[in-house]
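We count ligands from 1, going down the list as the structure has it; atoms in each ligand are counted the same way.
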Amino acid sequence: MTACIRYWGVVPAAGVGKRMGGVIPKQYLAVAGKPVLQHTLERLLAVERFAAIAVALGAEDGYWPDLPCANEARIVTAPGGKERADSVLAALVRLEELAHLEDWVLVHDAARMCVTPSDVESLMDRLADHPVGGILALPSTDTLKGVEYGVIVDTVNRNHIWRALTPQMFRYGTLRFALEDAARRGLTVTDEASALELQGQRPAIVEGRPDNIKITRPEDLPLAAFYLEQQCFA
Ligand code: C5P
């Protein structure tokens with residue numbers, strides 16, 4: 001039974017990267033001589049288990065056609081949406097003729113270019129028989145404070161706090177239903193796991209690598225270049 005289950009990638013890449021500033025969207029900024037999105041897709045394409053990867057692109061995106069990965073046989077594109085969840089849903093719709101309801105979908109942020117193929121494969125291996133699916137995550141090392149109007153109002157018990165990373169891996173049918181249902185109910189979901197949580201599901205956690213950072217601010221670019229270099233020697 002498990003042998004017929006396939007794996008599909010979804011990469012939301014339609015954001016404008018407001019916190020980065022500048023004219024070029026952050027997924028097209030160069031790190032170590034290549035755009036962020038090219039790095040990200042190369043790392044996912046290194047995982048042979050992906051049957052195809054659907055990339056959601058912004059309507060105004062004029063950079064995509066020049067990306068070497070744009071011509072890869074295993075890559076398809078979809079028009080991105082207003083929010084990240086809309087872009088993920090559009091990519092799932094793009095895959096509907098290809099994917100079965102029981103197939104696994106791994107959603108990975110375009111901006112997480114340092115993800116390692118081995119972390120993606122370990123998520124696939126660890127959750128292959130899981131009833132719900134789950135995500136790469138990291139236990140929080142910082143003490144977290146609740147803040148209101150500039151003052152601390154409480155300290156969160158960090159023993160229970162993990163930071164959600166991507167990929168996040170769920171069944172095609174379940175994920176699509178959960179995202180569509182959240183949209184119908186007007187609920188904001190910032191990742192796939194939260195859409196599943198709204199359905200009463202309990203996604204699993206697989207510990208990921210701390211270098212799987214999301215490029216968000218300008219200082220993340222040299223940090224990503226440093227991690228890439230370190231990974232080459234790992
Ligand atoms: O802005 P943030 O870094 O949280 O976005 C996470 C990912 O979601 C990025 O890869 C971004 O390109 C993508 N995104 C999208 N469509 C949007 C907003 C964000 O595909 N409308």
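The protein non-hydrogen atom at the shortest distance from atom 8 (O) of ligand 1 is Arg84 CG, 3.4 Å. Atom 10 (O) of ligand 1 has Pro12 O, 2.8 Å as its closest protein atom, hydrogens excluded (heavy atom only). The protein non-hydrogen atom at the shortest distance from atom 20 (O) of ligand 1 is Ala14 N, 2.8 Å. At the shortest separation from atom 14 (N) of ligand 1 among protein heavy atoms lies Gly15 N, 3.5 Å.
Numbered from 1 in the order shown, with element, the atoms of ligand 1 that lie under 4.0 Å from a heavy atom of Gly81 read 17 (C), 21 (N). Taking every non-hydrogen atom of Ala110 and a distance limit under 4.0 Å, the qualifying atoms of ligand 1 come out as 10 (O). Residue Ser87 has at least one heavy-atom neighbour below 4.0 Å for each of these atoms of ligand 1: 15 (C), 16 (N), 17 (C), 20 (O), 21 (N). Annotation for ligand 1: atoms under 4.0 Å from non-hydrogen atoms of Lys214 are 2 (P), 3 (O), 4 (O). Of all the atoms in ligand 1, the ones that sit under 4.0 Å from a non-hydrogen atom of Ala111 are 10 (O).
Exactly one of Ile135, Leu123, Val107 qualifies for a side chain to side chain contact (heavy atoms under 4.5 Å, CB included) with Met169. That residue is Leu123.
When hydrophobic clusters are built by joining Ile, Leu, Val, Met, Phe, Trp and Tyr residues whose side-chain heavy atoms come closer than 4.5 Å, directly or via intermediates, Val76 is not grouped with Val93.
Taking a 4.0 Å cut-off on heavy atoms, Arg19 registers as neighbouring ligand 1. Residue contacts with ligand 1 do not include Gly80, since none of its heavy atoms lies under 4.0 Å from the ligand. Residue-ligand proximity: Lys26 is placed with a non-hydrogen atom under 4.0 Å from ligand 1. At least one heavy atom of Asp109 sits closer than 4.0 Å to an atom of ligand 1.
A donor-acceptor pair shorter than 3.5 Å cannot be found between the side chains of Glu197 and Gln201. Using a 3.5 Å distance cut-off with no hydrogens or angles, the side chains of Arg43 and Gln231 do pair a donor with an acceptor. When only modelled atom types and interatomic distance are considered, Asn212 and Tyr227 share no side-chain donor-acceptor pair under 3.5 Å. One side chain, Ser194 or Asp191, offers a donor N or O that lies under 3.5 Å from an acceptor on the other.
Of the inter-residue distances, the one linking Met20 atom CE with Lys26 atom NZ reads 6.0 Å to the nearest 0.5 angstrom.
Glu192 contributes no side-chain N or O that, together with a main-chain N or O of Gln168, makes up a donor-acceptor pair within less than 3.5 Å.
Atom 5 (O) of ligand 1 is not flagged as protein-proximal [any protein heavy atom, distance under 4.0 Å].
For Arg171 and Trp104, the positive end sits near the middle of the six-membered ring, less than 6.0 Å away and at most 45° from its axis.
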